[in-house]
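The structure appears below as structure tokens.
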Amino acid sequence: MTTELQGAQRTYDVRTYGCQMNVHDSERISGLMEDAGYVRAADADAADVVVFNTCAVRENADNRLYGNLGHLRPTKLKNPGMQIAVGGCLAQKDKGDIVKKAPWVDVVFGTHNIGSLPAMLERARHNEEAQVEILESLEVFPSTLPTKRESTYAGWVSISVGCNNTCTFCIVPSLRGKEKDRRPGDVLAEVRALVAEGVLEVTLLGQNVNSYGVEFGDRLAFGKLLRATGEVEGLERVRFTSPHPKDFTDDVIAAMAETPNVCHSLHMPLQSGSDRVLKAMRRSYRQDKYLGIIEKVRAAMPDAAITTDIIVGFPGETEDDFEQTLEVARRARFSNAFTFQYSIRPGTPAATMPDQIPKAVVQDRYNRLIATLEDITWDENKKLVGEKVEVLVAVGEGRKDERTGRLSGRARDGRLVHFATGGISPRPGDIVETVITYAAPHHLNADGDPLSHRRTRAGDAFEAGRTPKLKGVSLGLPTLGVPAALPPAEGCAL
């Protein structure tokens, strides 16, 4: 297949909305496009192909997409050879309605058939009509697809796709499908391939990483996978997201504490601190279980930074329910929180529940939650003033870096650190040790000279303009039978 038009390579631009899953899917979209002969557009507004990778979870996701499509319509009219493609969760949900509402869209593809995009673009050009293809289950496991990574030093690695939970506020299971797990050997092969390209940090990614292993009957598979990553030479940091409290087991805590390259950072979604609301949400844990997990994590890793998700204003939430959420936040001592005002998502059970909360009440509770959380995160960050931290230098983390003369990066616990460079010139991907001098609710500053600077292969790759591009690491969808076992986990019960 060729994408050349009159001797010139066609260009593309991918525009991503939503969660880490979508960010990683966009890396696969970029890899597919480049494998098909496209090149990334130097000027995004002049791209021959614009791909929207959409989200259906956030409020007004539909309006945002159709507004952006409307802005592109004049460009498309001026340049008939331009193509517009829409994928992701909103495409999976709306299907052919997208081309009815925006007839200038050329391709609509879903979450299960990302690999079809280049062929669909060619077919749309040849047939001169829109192509809509939405599958209800996975065509191939996404890891088989080529991936153009955005970072030289950090990479996403999917361990599963889909979700078997039935949370009443969430539309993801109907759009991403039932959970499908990758073989442990395939996951580790991708990790090794990334490390061979210079990557220092990987994040193991799944809608519910703690249920990893459900397809091959190993309830302890995720803890074993964490330990196995500790054997990958050259891998310095391992993170994971997102776990689910109902499936979180003691062996995972032990694996985190005992595996040197697994970072002591944990994202543990709370959603609500009220048992009554958690039951209405179909969250299969209660306040005591949640706080019990936090206590065990802190006992094993006193330095752990714990982040969370919280929804305010779920249908039927009372003032007492909300106060319980505030109390759990105070007891859990989160280092950061992603907070959301509940909004009706059509297609979810919660959308038709009685006792929807008035917007003014939701806003008031949200403001109070933010104020409480900022007090907590600021207090937690102040504890690090005077402490030495190891920072993986990043790009694009500090919006004020150019003005302040600082660089930015992430500490091992995931906190954002803005640091003075002194007389050194670290590159994104290098490692710097420095001392925290100031704390704010959402970041730390280190204004003294760095204690050390280690140049890395990831920094070399950044300096050379290389990002990892993998051809796809997997044997496809799981087959019948039990996959090869991970190394046995020792001492993993707390």
Side-chain angles (χ1 to χ4, degrees), residues 12-30 33 40-41 43-77 79 82-114 117 120-121 130-134 150 163 167 169-176 207 242 309-314 338-348 350-351 356-357 359 362-363 366 370 396 399:
Y12 76 93
D13 182 60
V14 182
R15 304 179 187 184
T16 310
Y17 309 103
C19 67
Q20 300 97 327
M21 290 286 187
N22 272 18
V23 173
H24 191 25
D25 282 348
S26 288
E27 291 184 327
R28 295 187 176 108
I29 290 169
S30 295
M33 296 295 285
R40 179 168 290 176
D43 179 0
D45 293 331
D48 296 310
V49 177
V50 176
V51 184
F52 290 94
N53 190 12
T54 63
C55 173
V57 174
R58 302 290 185 263
E59 187 176 13
N60 296 323
D62 306 55
N63 293 339
R64 187 178 185 188
L65 171 66
Y66 292 113
N68 287 328
L69 291 175
H71 290 147
L72 274 185
R73 187 181 185 186
T75 305
K76 177 76 182 276
L77 290 173
N79 179 15
M82 176 189 181
Q83 291 184 292
I84 300 171
V86 179
C89 288
L90 192 59
Q92 188 75 25
K93 179 174 77 75
D94 285 1
K95 303 179 174 65
D97 288 346
I98 291 175
V99 293
K100 293 177 183 175
K101 295 177 181 178
W104 55 95
V105 169
D106 299 277
V107 167
V108 178
F109 63 102
T111 57
H112 299 311
N113 64 319
I114 290 173
L117 176 58
M120 292 177 72
L121 289 166
Q131 302 294 307
V132 178
E133 186 177 295
I134 306 291
E150 296 300 320
C163 183
C167 302
F169 57 82
C170 185
I171 199 171
V172 167
S174 66
L175 303 179
R176 291 278 181 179
Q207 297 291 161
S242 287
D309 297 331
I310 298 176
I311 297 172
V312 173
F314 188 80
F338 299 90
T339 53
F340 307 92
Q341 297 185 40
Y342 172 79
S343 61
I344 292 175
R345 306 310 298 146
T348 63
Q356 301 283 331
I357 309 299
K359 174 67 176 175
V362 176
Q363 186 66 54
Y366 183 78
I370 293 298
R399 290 175 293 176

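Note that the numbering runs from 1 along the sequence shown for the chain.
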**Message:** For R15 and N68: C-alpha separation, side-chain torsions, deciding distance, then whether side chain to side chain contact (heavy atoms under 4.5 Å, CB included) applies.
**Reply:** CA-CA 10 Å; R15 304 179 187 184; N68 287 328; over 6 Å; no

**Prompt:** W104 side chain to L69 main-chain N or O, any donor-acceptor pair under 3.5 Å?
**Reply:** yes

**Message:** So which atom in L117 and which in A85 form the shortest heavy-atom distance, rounded to 0.1 Å?
**Reply:** CD1-CB, 3.9 Å

**Contact check, side chains of Y12 and V51, non-hydrogen atoms, under 4.5 Å** = no

**Complete:** For Q83, the side chain to side chain donor-acceptor pair (under 3.5 Å) test, sequence neighbours excluded, returns R10

**Request:** Can you measure from CG (L77) to CE (M82) and round to the nearest 0.5 angstrom?
**Result:** 10.5 Å

**Item:** Interatomic distance, F340 atom CZ to D309 atom CG [nearest 0.5 angstrom]
**Value:** 5.0 Å

**Request:** Report yes if the side chains of I344 and Q356 come closer than 4.5 Å at any heavy-atom pair, otherwise no.
**Result:** yes

**Asked** Does K101 NZ have over 12 foreign heavy atoms under 6.0 Å away?
**Response** yes

**Least distance between heavy atoms, I114 atom then I29 atom** = CG2-CG1, 3.8 Å

**Message:** So which atom in V14 and which in S30 form the shortest heavy-atom distance, rounded to 0.1 Å?
**Reply:** CG2-OG, 3.8 Å

**Prompt:** Sequence neighbours excluded, which residues qualify as ring pair (Phe, Tyr, Trp, His ring centres under 6.0 Å) partners of Y66?
**Reply:** none

**Message:** To the closest 0.5 Å, what do you measure between OG1 (T54) and CG (D94)?
**Reply:** 8.0 Å

**Request:** Keeping the roles fixed (side chain from R64, backbone from C55), state whether a donor-acceptor pair exists under 3.5 Å.
**Result:** no

**Message:** Before you tell me yes or no, could you show the steps for V108 and V99 under side chain to side chain contact (heavy atoms under 4.5 Å, CB included), namely the whole-Å CA-CA distance, both residues' side-chain angles and the distance that decides it to 0.1 Å?
**Reply:** CA-CA 8 Å; V108 178; V99 293; 3.8 Å; yes

**Request:** Kindly say whether T16 contributes a backbone atom to a donor-acceptor pair with the side chain of S26 at under 3.5 angstrom?
**Result:** no

**Message:** Donor-acceptor pair, distance only, cut-off 3.5 Å: does the side chain of D106 make one with the backbone of I84?
**Reply:** yes

**Fill in**
One should read off an interatomic distance between L90 CG and Q92 CD, to the nearest 0.5 angstrom, of 10.5 Å

**Asked** Could you give the distance from CG (N79) to CG (D48), rounded to the nearest 0.5 Å?
**Response** 6.5 Å

**Message:** To check you understand the geometry: which heavy-atom pair defines the closest contact between V362 and G313, and what is its length?
**Reply:** CG2-CA, 3.9 Å

**Message:** Test your reading of the model: is there a side-chain donor-acceptor pair from N113 to the backbone of E133, 3.5 Å cut-off?
**Reply:** yes

**Y342 and I311: CA distance, side-chain angles, deciding distance, side chain to side chain contact (heavy atoms under 4.5 Å, CB included) verdict** = CA-CA 6 Å; Y342 172 79; I311 297 172; 3.8 Å; yes

**Asked** Where the side chain of Q207 meets the backbone of C163, is there a donor-acceptor pair that is under 3.5 Å apart?
**Response** no

**Request:** Name the orientation class of the two ring planes belonging to F52 and Y17 (parallel below 30°, tilted from 30 to 60°, perpendicular beyond 60°).
**Result:** parallel

**Prompt:** When rounded to the nearest 0.5 angstrom, what is the spacing between CD in Q341 and OG1 in T339?
**Reply:** 8.5 Å

